[in-house]
A.B. asks: 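Quick one: structure below, then a few questions.
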Amino acid sequence: MLLTDQHPHNKSIMVSVIGAPNVGKSSMINYLTGMDLSVVTHRPQTTRNKFHCVFTVDQTEVVLVDTPGVHKSSAELNKRLNEQAKEGLDGADLNLLLIDLSRELLPQVQNFIDLLDLKEKTLGPTWIIFSKADRIEDAEKLPLNEVFEKIQEVITSAERFMVISSKDGTNMHELTGAICDRAQPGPHLYLDGSVSDKNERFFASEYIREQAFELLKDEIPYEVAVLVEEFKDVNDKKKARESHISASILVNRPSQRAIVVGSKGSMIKEIGIRSRKKIEAMTGGPVHLNLHVKVSPKWFKNNFVLEELGLPRAVNSARVWRNKGQ
Ligand SMILES: Nc1nc2c(ncn2[C@@H]2O[C@H](COP(=O)(O)OP(=O)(O)O)[C@@H](O)[C@H]2O)c(=O)[nH]1
Ligand SMILES: [Mg+2]
């Protein structure tokens with residue numbers, strides 16, 4: 001792409017959004033972009049793939065990279081989630097490291113550093129974003145200057161900190177302005193109005209999984225994955241766009257299948273109704289959603305399924321699928 005194809009005043013910045021699970025990364029991205037792209041639930045580890053969410057302010061393009069929260073686990077799925085988070089740092093001009101104000105602050109930083117294995121990887125310019133300010137009274141009275149100085153001892157590239165809330169919008173304009181000020185002159189990556197590097201098929205599966213995460217209890221959500229098998233548009237020029245989607249909800253055990261289906265199919269029906277609404281809001285036309293539940297034992301260890309879910313193997317992945325002698 002030639003720079004001369006674009007407006008001479010164009011600026012662009014790639015911002016990686018990182019932190020522990022459930023600190024509010026996806027909520028902040030949705031607030032900043034003004035879209036409901038990234039899935040948000042009350043459960044940790046909702047986001048499983050890194051992806052771009054793009055918005056522009058005047059001539060400045062901001063590409064936010066949502067990432068799964070890094071957390072300790074030796075399970076194959078979690079190794080791959082952590083790998084997605086690490087890859088989210090590649091090529092970023094700036095990192096926003098979110099720290100949840102409603103939890104203990106410094107342990108969150110130390111955990112993050114340990115899990116990211118910063119010996120191997122140095123963090124580029126980083127801003128510390130203290131999130132969920134609405135959750136505590138008198139956030140401004142907290143000794144955040146001191147906390148920030150301690151953080152700078154471990155993250156030497158930490159440049160500044162900000163206090164935000166995605167719930168009441170505290171400092172969101174300031175954050176947007178600061179990010180835009182930081183952008184350098186350069187071509188926009190997304191020119192045709194696209195708002196992500198992932199396609200509608202990806203977001204359809206995310207929205208189905210989001211509703212399953214919200215509606216299912218206990219540990220079941222973590223053993224659920226969604227694969228979209230078919231996503232096709234009916235091209236009738238006279239009518240609005242209409243989409244037909246077939247998707248499988250994968251579960252680990254037959255007993256979970258019964259729960260996801262629910263009594264007389266009530267649970268899967270509810271998951272379908274709710275996710276269809278979100279998919280329709282994305283496509284702008286009616287959606288026919290055909291959902292089924294498949295038992296796929298230990299899908300979270302199965303290389304083929306994990307690849308289908310957009311989670312390639314991590315550096316420290318188990319090598320179970322390799323042929324002997326390789
Ligand atoms: N009160 C409050 N809750 C928030 C805020 N941001 C996120 N949450 C909640 O925290 C939970 C996790 O949010 P999410 O964005 O999915 O976190 P992520 O795992 O870091 O992406 C959800 O229940 C959100 O509604 C905030 O600014 N204030
Ligand atoms: Mg998330």
Side-chain angles (χ1 to χ4, degrees), residues 15-53 64-73 77-78 80-89 95-105 107-109 111-112 115-116 126-140 142 144 161-176 196-198 202-203 205-217 221-222 224-226 274 278 309-311:
V15 183
S16 179
V17 180
I18 51 181
N22 227 23
V23 293
K25 298 179 294 298
S26 297
S27 302
M28 184 190 76
I29 287 175
N30 285 345
Y31 194 104
L32 289 174
T33 56
M35 291 178 287
D36 214 2
L37 265 187
S38 186
V39 296
V40 172
T41 77
H42 62 289
R43 296 178 188 279
Q45 296 160 48
T46 304
T47 306
R48 286 183 178 162
N49 306 74
K50 70 165 194 304
F51 61 94
H52 291 178
C53 295
L64 297 169
V65 189
D66 200 357
T67 63
V70 290
H71 59 287
K72 200 176 167 63
S73 168
L77 174 64
N78 293 315
R80 294 188 187 208
L81 297 184
N82 285 346
E83 188 72 15
Q84 290 277 306
K86 283 187 199 176
E87 283 179 8
L89 295 167
N95 306 309
L96 302 182
L97 172 55
L98 268 71
I99 307 286
D100 185 340
L101 278 176
S102 65
R103 297 190 226 161
E104 263 201 282
L105 302 178
Q108 291 181 63
V109 179
N111 270 345
F112 184 80
L115 285 167
L116 212 57
T126 299
W127 295 354
I128 305 298
I129 307 295
F130 293 108
S131 64
K132 307 194 189 178
D134 60 283
R135 282 238 183 132
I136 43 172
E137 275 178 46
D138 298 329
E140 62 278 7
L142 287 171
L144 292 180
F161 72 87
M162 291 179 92
V163 176
I164 65 147
S165 163
S166 306
K167 197 160 190 191
D168 64 16
T170 301
N171 288 334
M172 288 307 226
H173 282 302
E174 289 78 358
L175 178 57
T176 307
S196 179
D197 57 340
K198 296 281 187 190
F202 169 80
F203 287 105
S205 70
E206 286 288 278
Y207 297 152
I208 297 163
R209 202 168 51 79
E210 176 183 45
Q211 295 311 322
F213 263 53
E214 285 291 10
L215 290 166
L216 296 167
K217 291 197 184 72
Y222 300 108
V224 161
V226 175
R274 294 192 189 193
K278 270 194 87 163
L309 294 170
L311 295 171

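Each ligand, and each atom within it, is numbered from 1 in the order the structure gives.
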A.B. asks: Please report the C-alpha distance between Leu101 and Leu144 in whole Å, then the side-chain angles of each, then the deciding distance to 0.1 Å, and finally whether the side chain to side chain contact (heavy atoms under 4.5 Å, CB included) criterion is met.
C.D. replies: CA-CA 10 Å; Leu101 278 176; Leu144 292 180; 4.1 Å; yes
A.B. asks: With a 4.5 Å limit on heavy-atom distance, are the side chains of Leu142 and Ile136 in contact?
C.D. replies: yes
A.B. asks: Return the closest protein heavy atom for atom 11 (C) of ligand 1 as residue, atom name and distance.
C.D. replies: Asn22 OD1, 3.5 Å
A.B. asks: Under the 3.5 angstrom rule, does the side chain of Asn82 hit a backbone N or O of His71 as a donor-acceptor pair?
C.D. replies: yes
A.B. asks: Of all residues at least two apart in sequence or in a different chain, which pass the side chain to side chain contact (heavy atoms under 4.5 Å, CB included) check with Ser165?
C.D. replies: Ala133, Asp134, Lys167, Asp168, Thr170
A.B. asks: Applying ring pair (Phe, Tyr, Trp, His ring centres under 6.0 Å), can you list everything that pairs with Phe51, at least two apart in sequence or on another chain?
C.D. replies: Phe202, Phe203
A.B. asks: Listing by chain and number, what protein N/O/S atoms are under 2.8 Å from the Mg ion (ligand 2)?
C.D. replies: Ser26 OG, Thr47 OG1
A.B. asks: I'd like to know if the side chain of Asn171 and the backbone of Ile164 have a donor-acceptor N/O pair within less than 3.5 Å.
C.D. replies: no
A.B. asks: State which residue, out of Glu83, Lys198, Gln84, fulfils the side-chain contact (heavy atoms from CB on, under 4.5 Å) condition with Lys50.
C.D. replies: Gln84
A.B. asks: Heavy atoms, side chains only, cut-off 4.5 Å: are Lys278 and Asp36 in contact?
C.D. replies: yes
A.B. asks: Of all the non-hydrogen atoms in the protein, which one sits nearest to atom 18 (P) of ligand 1, and at what distance?
C.D. replies: Lys25 N, 3.5 Å
A.B. asks: Using a strict 4.0 Å cut-off to heavy atoms of Arg135, name the atoms of ligand 1 that fall inside it.
C.D. replies: 1 (N)
A.B. asks: When you measure from atom 25 (O) of ligand 1 to every protein heavy atom, which one gives the shortest distance, and what is it?
C.D. replies: Val40 CG1, 4.0 Å
A.B. asks: Please confirm whether the backbone N or O of Val23 pairs with a side-chain atom of Ser131, one donor and one acceptor, at under 3.5 Å?
C.D. replies: yes
A.B. asks: Of all the non-hydrogen atoms in the protein, which one sits nearest to atom 22 (C) of ligand 1, and at what distance?
C.D. replies: Thr41 O, 3.3 Å
A.B. asks: I need the minimum non-hydrogen distance between Pro68 and Ala85, along with the two atoms involved.
C.D. replies: O-CB, 3.4 Å
A.B. asks: Quick one, Asn30 and Leu37 - any side-chain contact, counting heavy atoms below 4.5 Å?
C.D. replies: yes
A.B. asks: Going by distance only, is there an N or O of Asp134 that falls short of 3.5 Å from an N or O of ligand 1?
C.D. replies: yes
A.B. asks: May I ask you to identify the nearest protein heavy atom to atom 8 (N) of ligand 1, giving residue, atom name and distance to one decimal place in Å?
C.D. replies: Lys132 CE, 3.7 Å
A.B. asks: Is the closest heavy-atom distance from Asp66 to ligand 1 below 4.0 Å?
C.D. replies: no
A.B. asks: What atoms of ligand 1 come closer than 4.0 angstrom to any heavy atom of Lys167?
C.D. replies: 1 (N), 2 (C), 26 (C), 27 (O), 28 (N)
A.B. asks: Which residue owns the protein heavy atom closest to atom 17 (O) of ligand 1, what's the atom, and how far is it?
C.D. replies: Gly24 N, 3.1 Å
A.B. asks: Tell me: protein heavy atom nearest atom 27 (O) of ligand 1, and distance?
C.D. replies: Ser166 N, 2.8 Å
A.B. asks: For Phe161, give me all partners under ring pair (Phe, Tyr, Trp, His ring centres under 6.0 Å), at least two apart in sequence or on another chain.
C.D. replies: Phe130, Phe148
A.B. asks: With a 4.5 Å heavy-atom cut-off, do Leu311 and Asn49 have their side chains touching?
C.D. replies: yes
A.B. asks: Tell me whether ligand 1 is touched by Ser131 - counting only heavy atoms on the residue side and a distance under 4.0 Å.
C.D. replies: no
A.B. asks: When only distance counts, is Val23 in polar contact with ligand 1, meaning an N/O pair under 3.5 Å?
C.D. replies: yes
A.B. asks: Could you tell me, atom by atom, which parts of ligand 1 come under 4.0 Å of a heavy atom of Ser165?
C.D. replies: 27 (O)
A.B. asks: What atoms in ligand 1 come closer than 4.0 Å to a heavy atom of His42?
C.D. replies: 23 (O)
A.B. asks: Show the nearest heavy-atom pair for residues Asn95 and Leu89, with the distance to one decimal.
C.D. replies: OD1-CD2, 3.3 Å
A.B. asks: My understanding is that we take every heavy atom of each candidate and find the minimum distance to atom 6 (N) of ligand 1. Doing that for Ser27, Ala133, Pro21, which one comes out nearest?
C.D. replies: Ser27
